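As the structure is a prediction and not an experimental result, all values here were calculated from the model.
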Amino acid sequence: MQYENPKFDESKNPNVTHDPYQLGELRALLGYLLVTLVAVWLLIEMIVFTLPRTISLERERQWFQFIGAKIIIDERTSPDPELQKLADQLAVHMKLPPKSVSVYISEQNIPNAYATFGGNIVLYRGLLNRLKHEESVAAVLAHEMAHIKHRDPLRSMSRSLFYSAVAAAFGSDSQMQKLATLEGLRYSRDLEEQADNRAIFALAQHYQNVNGMILLFQTLQQIEQDYDMEHRPTWLSTHPDTASRVQNVHDRIQQFSYHNTPAQHPNRWQKTLPKTSE
């Protein structure tokens, strides 16, 4: 008697794959990954969107009162009553609560300014000394105050932390980490554009003229040339291209019939800096 193994149809074997390249499993895996990323993105954006509505500016100032004290620990940084008065006047046009902004001047020769938690704003002497008119100082101040009004420090920090945590799950050198960085830069540029628009409106209300914003951007273009920054790609920057920001002012002048006559008020905050030894 002769025996032989019966032939079995391997196409019916549930224990082995019938797709030599496993494309079906790959498509399913990518699909699950995409759905997960979209869900995480929507969750983060929802949290960031609702934060300013759940944490009031007054509450934020209470929580971050210590930041103002930290700022003036540096002996080169101090409040300025006249600049604070200008901020309080601009706050009325920007519909900010009274005493919601605290302004400081840093004597460092840095052409910059920033807004941080608790309504604290710092303008550096290196920028103030480059501006010839009060209207341009007000443009800087209104721009930073717009960040406070829009709660940008709170939103940016929260968003950055959430996205960094998600990207870290893929590794510090992963493509996801790079994408998170680029997305953070894009988000920052959007916030800057919104702050510009709010500041333009405040200048138009306070001076009936927005020329100070154009003069500010012309100064920033000169600073970019001095620091060899004018050739940096916009997608790698936290701010929109300065020429585009100038064009945005002109567009809004046309749209809202804002005046663009020469600025009239000299900059009261220009100050000669002491020479430093090499």
Using the rule that two of Ile, Leu, Val, Met, Phe, Trp, Tyr join whenever any of their side-chain heavy atoms come within less than 4.5 Å, decide whether [X] and [Y] are in one cluster.
| X | Y | result |
| --- | --- | --- |
| Val92 | Val137 | no |
| Leu215 | Trp269 | no |
| Phe256 | Val249 | yes |

Side-chain contact, heavy-atom cut-off 4.5 Å: [X] with [Y]?
| X | Y | value |
| --- | --- | --- |
| Leu96 | Met145 | yes |
| Trp63 | Ile55 | yes |
| Asn109 | Arg125 | no |
| His150 | Arg155 | yes |
| Ser136 | Thr219 | no |
| Ile253 | Ile214 | yes |

Could you verify whether a donor N or O on one side chain and an acceptor N or O on the other, from [X] and [Y], lie under 3.5 Å apart?
| X | Y | value |
| --- | --- | --- |
| Asp226 | Gln222 | yes |
| Ser102 | Arg61 | yes |
| Glu192 | His147 | yes |

Discussion item. Parallel, tilted or perpendicular: which one describes the rings of His239 and His143, with boundaries at 30° and 60°?
Written reply: parallel
Worksheet item: Going by the angle between their ring planes, with limits at 30° and 60°, are Phe117 and Phe64 parallel, tilted or perpendicular?
Response: parallel
Would the distance check show the side chain of [X] and the main-chain N or O of [Y] forming a donor-acceptor pair, the cut-off being under 3.5 Å?
| X | Y | value |
| --- | --- | --- |
| Asn267 | Leu131 | yes |
| Gln221 | Thr242 | no |
| Gln270 | Arg268 | no |
| Thr77 | Ile73 | no |
| Ser156 | Asp152 | yes |
| Lys149 | Met94 | yes |
| Ser158 | Leu154 | yes |
| Asp80 | Tyr104 | no |

Any salt bridge between [X] and [Y], counting N to O under 4.0 Å?
| X | Y | result |
| --- | --- | --- |
| Asp88 | Lys85 | no |
| Lys271 | Glu107 | yes |
| Asp190 | Arg186 | yes |

List the atom of [X], the atom of [Y], and the distance in Å for their closest heavy-atom pair.
| X | Y | result |
| --- | --- | --- |
| Tyr258 | Arg252 | CD1-O, 3.7 Å |
| Asn209 | Thr261 | ND2-O, 2.7 Å |
| Ser106 | Val122 | CB-CG1, 3.9 Å |
| Ala139 | Leu216 | CB-CD2, 3.8 Å |
| Gln84 | Val103 | OE1-N, 2.9 Å |
| Gly212 | Leu203 | C-CD1, 4.5 Å |

[atom1]/[X] to [atom2]/[Y] distance, rounded to the nearest 0.5 angstrom?
| X | Y | atom1 | atom2 | answer |
| --- | --- | --- | --- | --- |
| Glu60 | Ser100 | CD | OG | 10.5 Å |
| Met213 | Gln218 | CE | CD | 12.5 Å |
| Gln62 | Leu57 | CD | CG | 10.5 Å |
| Leu127 | Leu220 | CG | CG | 6.5 Å |
| Arg245 | Ile200 | CZ | CD1 | 9.5 Å |
| His206 | Gln208 | NE2 | CD | 8.5 Å |

Discussion item. Show, in sequence, the C-alpha distance, side-chain angles and deciding distance for Arg130 and Ile223, and conclude whether the side chain to side chain contact (heavy atoms under 4.5 Å, CB included) test is met.
Written reply: CA-CA 9 Å; Arg130 286 176 175 258; Ile223 291 171; 3.5 Å; yes
Practice prompt. Under the side-chain hydrogen bond (donor to acceptor under 3.5 Å, both in side chains) rule, what do Asn197 and Glu193 come out as? Steps first, then yes or no, please.
Written response: CA-CA 6 Å; Asn197 292 338; Glu193 183 176 346; 4.7 Å; no
Worksheet entry | cation_pi(Arg159, Tyr187) dist<6.0 Å, angle<=45 | yes
Discussion item. As a quick check of understanding, evaluate ring pair (Phe, Tyr, Trp, His ring centres under 6.0 Å) for Tyr207 and His265, giving each step before the final call.
Written reply: CA-CA 10 Å; Tyr207 294 104; His265 303 85; 5.7 Å; yes
